[in-house]
Amino acid sequence: MRESEAMPTREPHEGRIDMAKAQGRPRDASRDVVIFDAVLEMLLEVGYDRLSIGGVAERAGVGKATVYRRYPDKASLVTAAVDRRARPDSRRLATPPADMREMLLETVRRLGSEISTQGAGLLYAMFAGMRSDPQLAANMQQVLRRDTDALVSVLRHDTLDGVAPLSPAAASLVGEVAPALILHRLTVEGQPCDELFVQHVVDDILLPLVRSS
């Protein structure tokens, strides 16, 4: 049986552990850090398919039961580790933009920085894992939808120094197109999201799309 499908036997009252928070007694947050670090290291070293909860526990210096108390399967564990590494503190712009172009430039810069933080090797490992494990694919799609919805919400509702928020259609286009272009740049072209790329995405792609929507 694949490890992503297997769990230790549990008492009926325990139920499924939510990947975002453990149930029962308060847990030691420092153990989450070492567990997540072990997951990310092993994803880079052996890939998703060869990663095991037993291997993660050994690398982190904890028991398998400690991992299973937090995450019911491999897909949930890996999703939580990657999500913790990638999640921004806020989608809101720290500095009010002068106009729509500057708002889009800053948005793409931040997205590029957040996605680049993952590193090409980790992105490759995750894409491969999502192809082989439907549960991981479903988990990550949920995370990506959440992040896209958060970005679209900011673009639709924030009015900054007189810059009007985008229409629902325009905000959705930016939320769909910008991350896809950044991922293509990093994983297919193997190039950084530098300022020339950011300006190209905004001036040649996003601004025309926003103005025509």
Side-chain angles (χ1 to χ4, degrees), residues 4 33 35-52 55-56 59 74-91 93-95 97 101-152 154-155 170-210:
S4 60
V33 174
I35 290 169
F36 289 159
D37 286 346
V39 169
L40 297 174
E41 290 171 5
M42 294 191 69
L43 277 173
L44 290 172
E45 292 175 10
V46 303
Y48 179 81
D49 289 343
R50 294 175 58 195
L51 182 147
S52 68
V56 168
R59 174 72 62 94
K74 183 168 76 170
S76 298
L77 171 61
V78 170
T79 300
V82 173
D83 187 32
R84 169 184 169 271
R85 177 183 173 98
R87 183 180 293 191
D89 295 330
S90 173
R91 287 288 182 188
L93 303 182
T95 303
R101 179 178 183 271
E102 185 56 42
M103 178 175 70
L104 292 173
L105 286 170
E106 183 59 23
T107 298
V108 175
R109 288 187 192 110
R110 292 186 64 180
L111 282 172
S113 176
E114 291 164 12
I115 297 173
S116 297
T117 298
Q118 298 293 344
L122 185 57
L123 291 171
Y124 291 140
M126 290 300 295
F127 291 154
M130 290 169 69
R131 286 195 297 271
S132 64
D133 187 345
Q135 184 59 54
L136 178 67
N139 288 355
M140 290 306 301
Q141 286 162 6
Q142 182 178 358
V143 169
L144 293 171
R145 280 196 299 271
R146 180 205 66 203
D147 290 349
T148 299
D149 289 346
L151 171 62
V152 169
V154 169
L155 294 173
S172 295
L173 279 172
V174 173
E176 293 172 7
V177 172
L181 292 171
I182 292 167
L183 283 170
H184 184 274
R185 173 78 169 181
L186 292 171
T187 61
V188 177
E189 298 180 5
Q191 298 295 319
C193 294
D194 54 22
E195 187 63 19
L196 285 176
F197 170 75
V198 170
Q199 292 180 18
H200 161 62
V201 168
V202 171
D203 293 335
D204 300 330
I205 301 171
L206 296 183
L207 274 177
L209 283 174
V210 166

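Note that these values count all heavy atoms, side chains included, but never hydrogens, waters or copies made by symmetry. Residue numbers count from 1 along this sequence. A quick note: this is a predicted structure, and the numbers were derived from the prediction, not measured.
Taking the salt bridge (charged side-chain N to carboxylate O under 4.0 Å, His left out) definition, one finds that Arg131 meets it with nothing, sequence neighbours left out. Not counting sequence neighbours, Asp37 has no partner by the salt bridge (charged side-chain N to carboxylate O under 4.0 Å, His left out) test. Partners of Arg145 according to the side chain to side chain donor-acceptor pair (under 3.5 Å) rule, which considers only residues two or more places apart in sequence or in another chain, do not exist here. Looking at residues two or more places apart in sequence or on another chain, you find a salt bridge (charged side-chain N to carboxylate O under 4.0 Å, His left out) between Asp194 and Arg185. Residues satisfying the side chain to side chain donor-acceptor pair (under 3.5 Å) criterion with Glu45, sequence neighbours excluded, are Arg59. A search for side chain to side chain donor-acceptor pair (under 3.5 Å) contacts involving Gln141 returns nothing, not counting sequence neighbours.
Panel note: side chain Ser113, backbone Arg109; no donor-acceptor pair is recorded below 3.5 Å.
Salt bridge status for Lys74 with Asp49: absent, with no side-chain N to carboxylate O gap under 4.0 Å.
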Please walk me through it: do Leu136 and Met126 pass side-chain contact (heavy atoms from CB on, under 4.5 Å)?
CA-CA 9 Å; Leu136 178 67; Met126 290 300 295; 4.0 Å; yes
- Task: Take Asp83 and Arg146 through the test side-chain contact (heavy atoms from CB on, under 4.5 Å) and record every step on the way to the result.
- Result: CA-CA 11 Å; Asp83 187 32; Arg146 180 205 66 203; 2.7 Å; yes
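In plain terms, the two heavy atoms of Leu111 and Leu151 that are nearest each other are CD1-CD2, 3.8 Å. In terms of heavy-atom proximity, Tyr124 sits nearest to Leu186 at OH-O, 4.4 Å.
Expressed to the nearest 0.5 Å, how far OG1 of Thr79 lies from CG of Asp133 amounts to 8.5 Å.
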